[in-house]
> 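Questions regarding the structure given below will be posed in turn.
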2 protein chains.
Amino acid sequence: MPKSVTRTYSLYSRDAAALLGALIRETRTELKLTTQELADRAGISRGLLQRVEKGNLKCEIGAVFEVATIVGIKLFDADETALRKYMHQTKEKLALLPKSVRKKCKAVHDDF
Amino acid sequence: MPKSVTRTYSLYSRDAAALLGALIRETRTELKLTTQELADRAGISRGLLQRVEKGNLKCEIGAVFEVATIVGIKLFDADETALRKYMHQTKEKLALLPKSVRKKCKAVHDDF
DNA sequence: ATCTTATGGGCTATATGCGAACCAAAGGAA
DNA sequence: TTCCTTTGGTTCGCATATAGCCCATAAGAT
C-alpha cells in the first residue's frame, strides 16, 4: 500500500482469520506435516505459512486458501462441485440485479 | 517477494475466491451500495474492491474478509459467538497434539 | 542423559500489491 | 433522446509483504 495505510479490521474478520489459521495448524499437525513440507507443497515460504497459521490478515488470500485446500479444509463447507453450483446460482441472481447502483441523480433543471 | 515468485493456485482455491467475490458483489448490489461507498466503509480503495469482487487471489485476506463482513456475509457460516466457540474447540484440540511434527530421526548408534 | 530436527523470530533485498488519479464506456434517471 | 453517475480499465509511485537466509530455542526420539 502506498502512503502508509493503517488498516483497521473488525473483530469478526480477525477472529475468522485466526480460526482459519488455527484450523490449518491443527490439520497440518494431524497430517504430520512439518511447516516446511506444507509450505513447499503450497509453493510458499515457511515464514508465510507461519503468518497464515497465526491468522495474519495481511497475507494474500491465495496463499491462505491454497494452504487450506491442501490440508483439506473445505471453504464454505463445500466441495468443488458444490462450489461451482453455488457460484452458478450467485451469477444468476447477479444477472437479475441492476448492473449499476444508482444513488441520487442531481435534480435536473428544476428551474430554481 | 524476492526472486520473482510465480504462484500457482488450485482450481478449488480459485473457485472459492471467485465465489466469495461474486457473493460480495451480489450482496453489495442488493444493499444498493456503490463500489465507492463499500470501499470507503471497508477502508480500502475502489480499485482493491473491484479486484476482491473479481476473486483476485493476490488481494490481502484482511481486505476480503473485511468487505465480506461489512456486507454481512458470514464466514464459516458462523456469527461472532460461534466463531469464538469454534476457535476455542480448535485451540483445545491443538493443545492435545504434539507441538512439533517429528519425521524420522537418524538411527542412532544402531551399532550393527 | 544426548542427539537431531522443528519451530519461532529476526534480518535483508526485492518484487509487487496498494492507493490515487486518470479516462472511456455503460447504464439508470429524467 | 440527454444528462450524470457508476463502473472498468488503465498507469504510476511507493510502502511493504514475501523469499531466503540466518540463529536460538523447543521438543521429540533414542
Side-chain angles (χ1 to χ4, degrees), chain A residues 1-9 17 21 24-26 28-29 31-64 66-67 94-111, chain B residues 1-9 17 21 24-26 28-29 31-40 42-64 66-67 94-112:
Chain A
M1 320 80 165
K3 292 300 169 53
S4 180
V5 173
T6 309
R7 240 191 269 290
T8 62
Y9 300 103
I24 288 172
R25 187 180 183 95
E26 179 198 329
R28 175 182 65 79
T29 306
L31 293 176
K32 301 205 185 310
L33 291 173
T34 65
T35 53
Q36 187 65 65
E37 286 174 331
L38 181 51
D40 287 344
R41 290 200 196 182
I44 66 177
S45 65
R46 194 168 66 91
L48 177 53
L49 176 58
Q50 288 183 342
R51 292 172 50 215
V52 168
E53 291 190 345
K54 277 212 242 173
N56 189 314
L57 286 164
K58 302 248 178 123
C59 303
E60 60 178 66
I61 195 170
V64 182
E66 197 62 19
V67 170
L94 202 43
L96 299 178
L97 293 169
K99 278 77 179 170
S100 68
V101 177
R102 284 337 212 80
K103 259 312 148 59
K104 44 182 183 180
C105 211
K106 196 200 300 183
V108 182
H109 52 38
D110 67 347
D111 29 14
Chain B
M1 321 80 169
K3 294 298 172 53
S4 182
V5 174
T6 309
R7 243 192 265 290
T8 61
Y9 301 102
I24 288 173
R25 187 179 185 97
E26 179 198 327
R28 174 181 66 78
T29 306
L31 293 176
K32 302 203 184 310
L33 290 172
T34 65
T35 53
Q36 187 66 64
E37 286 174 331
L38 181 51
D40 288 343
I44 66 176
S45 66
R46 194 168 65 92
L48 178 52
L49 175 58
Q50 287 183 342
R51 293 173 49 209
V52 168
E53 290 190 346
K54 276 213 240 172
N56 189 314
L57 286 164
K58 302 252 179 115
C59 302
E60 61 178 67
I61 196 171
V64 183
E66 197 62 19
V67 170
L94 202 42
L96 300 178
L97 292 170
K99 279 78 178 170
S100 70
V101 177
R102 285 334 214 85
K103 260 308 149 60
K104 42 183 183 179
C105 212
K106 196 198 302 182
V108 181
H109 53 36
D110 66 345
D111 33 11
F112 59 89

> With each end axis built from five pairs of C1' atoms, what bend angle do you get for the helix from C:dA1-D:dT30 to C:dA21-D:dT10? Round to 10°.
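The angle, to the nearest 10 degrees, is 60°.
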> Give the rounded distance in Å between these two atoms: CD of A:Glu60 and P of D:dA15.
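Rounding to the nearest Å, CD of A:Glu60 and P of D:dA15 are 21 Å apart.
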> Once salt bridge (Lys or Arg N to Asp or Glu O under 4.0 Å) is applied, what residue pairs with a partner in residues 45-56 of chain B remain, sequence neighbours excluded?
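Output for this query lists B:Arg25-B:Glu53, B:Arg28-B:Glu53.
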> State, to 0.1 Å, how close A:Val64 and A:Ile24 come at their nearest heavy-atom pair, and which atoms those are.
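The answer is O-CD1, 4.2 Å.
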> Just how far, in rounded Å, is C1' of C:dA21 from CG of B:Leu48?
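So the CG-C1' distance, B:Leu48 to C:dA21, works out to 16 Å.
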> Measure the OG1-CG distance between B:Thr29 and A:Leu96 for me, rounded to the nearest 0.5 Å.
11.5 Å
> C:dA6 P sits how many Å from A:Glu37 CD, rounded?
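These atoms are roughly 7 Å apart.
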> With nearest nucleotide decided by heavy atoms, which residue, A:Thr34 or B:Ile44, maps closer to the 5′ end of DNA chain C?
A:Thr34
> Should A:Arg7 and B:Glu66 count as an ion pair when the cut-off is N to O under 4.0 Å?
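Salt bridge: no.
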> Roughly how far, to the nearest 0.5 Å, is the CZ atom of B:Arg102 from the OG1 atom of A:Thr34?
10.5 Å
> What I'd like to find out is whether the side chain of A:Leu33 reaches to under 4.5 Å of the side chain of A:Arg41, using heavy atoms alone.
yes
> Could you tell me the separation between the NZ atom of B:Lys32 and the P atom of D:dT7, rounded to a whole number of Å?
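The distance from NZ of B:Lys32 to P of D:dT7 comes to 12 Å, rounded to the nearest Å.
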> Closer to the 5' end of DNA chain D via nearest nucleotide, is it A:Cys59 or B:Ser100?
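By nearest-heavy-atom nucleotide position, the 5'-most residue is A:Cys59.
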> Measure from CG on A:Leu38 to P on C:dA6 and round the result to the nearest Å.
14 Å
> Separation of B:Leu97 atom CG from C:dA6 atom P, in whole Å?
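These atoms are roughly 17 Å apart.
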> Looking at every heavy atom in both A:Ala39 and A:Leu49, which two are closest together, and how far apart are they?
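Heavy atoms of A:Ala39 and A:Leu49 come nearest at N-CD2, 3.9 Å.
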> With 3.5 Å as the limit, what N/O pairs link the protein to nucleotides 8-12 of chain C?
residue: C:dG8; atom: OP1; partner: A:Arg25; partner atom: NH1; Å: 3.3
residue: C:dG8; atom: OP1; partner: A:Arg25; partner atom: NH2; Å: 3.1
residue: C:dG8; atom: N7; partner: A:Arg46; partner atom: NH1; Å: 3.3
residue: C:dG8; atom: N7; partner: A:Arg46; partner atom: NH2; Å: 3.4
residue: C:dG8; atom: N7; partner: A:Gln50; partner atom: NE2; Å: 3.4
residue: C:dG8; atom: O6; partner: A:Arg46; partner atom: NH2; Å: 3.0
residue: C:dG9; atom: OP2; partner: A:Lys54; partner atom: NZ; Å: 3.2

> Starting at atom NZ of A:Lys99, determine the distance to atom C1' of C:dG28, rounded to an integer number of angstrom.
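To the nearest whole Å, that distance equals 11 Å.
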> Is the distance from OP1 or OP2 of D:dA19 to the nearest side-chain N or O of B:Arg7 less than 4.0 Å?
yes
> Whole-Å distance between D:dA19 C1' and A:Leu49 CG?
13 Å
> Just to confirm, is there a sub-4.0 Å distance from OP1 or OP2 of D:dT30 to any side-chain nitrogen or oxygen of B:Arg102?
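So the side chain of B:Arg102 is outside the cut-off, no N or O lying under 4.0 Å from OP1 or OP2 of D:dT30.
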> Closest approach of A:Ile61 and B:Leu57, non-hydrogen atoms and distance?
CG2-O, 3.4 Å
